[in-house]
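Heads up: the structure comes next, in structure tokens.
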Amino acid sequence: MLESIGIKNAHVSGDTRLDRVSEILDRDNTLDFMEAFKNDKLCFVAGSTWPEDETILIDHINHAPKNLKYVLAPHTIKKDKILGLARAFTKKTTLYSKIDSNNLRDYDVLIIDNIGLLTRIYSYADIAYVGGGFSTGLHNTLEPAVFGIPVIIGPNYDGFKEAEDLVKQKGIYPIKDQWTFGELLKKFLDSPDFRKKTGEINATYISKNKGASQEIINHIKGLI
């Protein structure tokens, strides 16, 4: 774009967000409540969800066998919205704000009515879903991807380079409706090898493309 207006002295360094998410792996992501809730079972985490995402997720979860733990972290955490979401589930459901009074291992669905925990919660996921791809704009897919897990998104991801790249590489899979979501999730659950290889694509992408921050610093040092 710069070259099209005659500017030739430009250099592409990369995306500093990849450096930021890489640092997530170096910190302590332990959450006692997630240890108790997951209870050594497979865990599906849906982050930054909107109503369009939740319509698909709710129907699937309500009809799915009880062999998977589900965590939903909605984008909007207003009380009426959270309570309405909780009532929509037929499986045993609790809220993060209620975990002190519950035996978490007995629940199938955990709704996070709090902010600031999602990135660490992703570290417990075996499969992740990132919301916004049906409506407002896709949320951060790098945060779950850095943990080396498969990521599912809605159909609208144009303009999100990392999502575009990883869809092509088959680390991120877009869905278009409830049926495609159910089929994809079943494939991930039925094939640990497929799940593992898909997650490795995401982790490798981030590892290979990090380093932009240091490149920028080195370039600035050469100018001063």
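All residue numbers refer to positions in the sequence shown, counting from 1. The structure presented is a predicted model; accordingly, all values stated were derived computationally and were not measured.
Under a hydrophobic-cluster definition in which Ile, Leu, Val, Met, Phe, Trp and Tyr are linked whenever side-chain heavy atoms come within less than 4.5 Å, directly or via other members, Leu85 and Tyr107 are assigned to different clusters. Follow the hydrophobic side-chain contacts under 4.5 Å out from Ile111 and you reach Leu57 in the same cluster. Residue Val151 is not grouped with residue Phe181 when hydrophobic side chains (ILVMFWY) are merged at heavy-atom distances under 4.5 angstrom, including chains of intermediate members. Hydrophobic clustering, with ILVMFWY side chains joined whenever heavy atoms are under 4.5 angstrom apart, groups Ile24 together with Tyr122.
Asp40 CG: 12 or fewer foreign heavy atoms inside a 6.0 Å radius. Around atom CD1 of Ile115, no more than 12 heavy atoms belonging to other residues, nucleotides or ligands sit under 6.0 Å away. Residue-environment remark: CG (Asp190) exceeds the threshold of 12 foreign heavy atoms within 6.0 Å. Residue-environment remark: CD (Glu3) stays at or below the threshold of 12 foreign heavy atoms within 6.0 Å. Shown here is Lys91, whose NZ atom has more than 12 heavy atoms of other residues, nucleotides or ligands within 6.0 Å.
Counting only distance, with no hydrogens or angles, the side chain of Asn140 and the backbone of Glu143 share a donor-acceptor pair below 3.5 Å. Here the side chain of Asn156 pairs no donor or acceptor atom with the backbone of Ser135 at under 3.5 angstrom. Under the 3.5 Å distance criterion, the side-chain polar atoms of Tyr124 are matched with a main-chain donor or acceptor of Leu31.
Every residue was checked against the side-chain contact (heavy atoms from CB on, under 4.5 Å) condition with Thr55, not counting sequence neighbours, and none meets it. Residues passing the side-chain contact (heavy atoms from CB on, under 4.5 Å) test with Ser123, sequence neighbours excluded: Asn29, Phe147. Residues satisfying the side chain to side chain donor-acceptor pair (under 3.5 Å) test with Thr136, not counting sequence neighbours, are Trp50. A search for side-chain contact (heavy atoms from CB on, under 4.5 Å) contacts involving Gln178 returns Ile56, Asp59, not counting sequence neighbours. Residues passing the side-chain contact (heavy atoms from CB on, under 4.5 Å) test with Asp113, sequence neighbours excluded: Ile82, Leu95, Tyr96, Ser97.
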Before giving the answer on side chain to side chain contact (heavy atoms under 4.5 Å, CB included), spell out for Ile77 and Asn114 the whole-Å C-alpha distance, their side-chain angles and the decisive distance to 0.1 Å.
CA-CA 7 Å; Ile77 58 170; Asn114 192 301; 5.6 Å; no
Given the rule in the side chain to side chain contact (heavy atoms under 4.5 Å, CB included) test, do Val71 and Met34 qualify, once you have shown the distances and angles that lead to the verdict?
CA-CA 9 Å; Val71 179; Met34 281 301 302; 3.9 Å; yes
Test side chain to side chain contact (heavy atoms under 4.5 Å, CB included) on Asn202 and Ile172; report intermediate values, then the result.
CA-CA 8 Å; Asn202 290 331; Ile172 291 179; 4.0 Å; yes
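Here the closest non-hydrogen pair linking Ala128 and Ile149 is CB-CD1, 3.7 Å. Nearest heavy atom pair, residue Thr198 against residue Pro150, reads CG2-CB, 3.7 Å.
Within the structure, the side chain to side chain donor-acceptor pair (under 3.5 Å) test picks out the following pairs touching residues 71-85 (sequence neighbours left out): Glu54-Lys81.
Here the options are Lys69, Arg195, Lys38, the test is side-chain hydrogen bond (donor to acceptor under 3.5 Å, both in side chains), and the partner is Asp126; only Lys38 passes.
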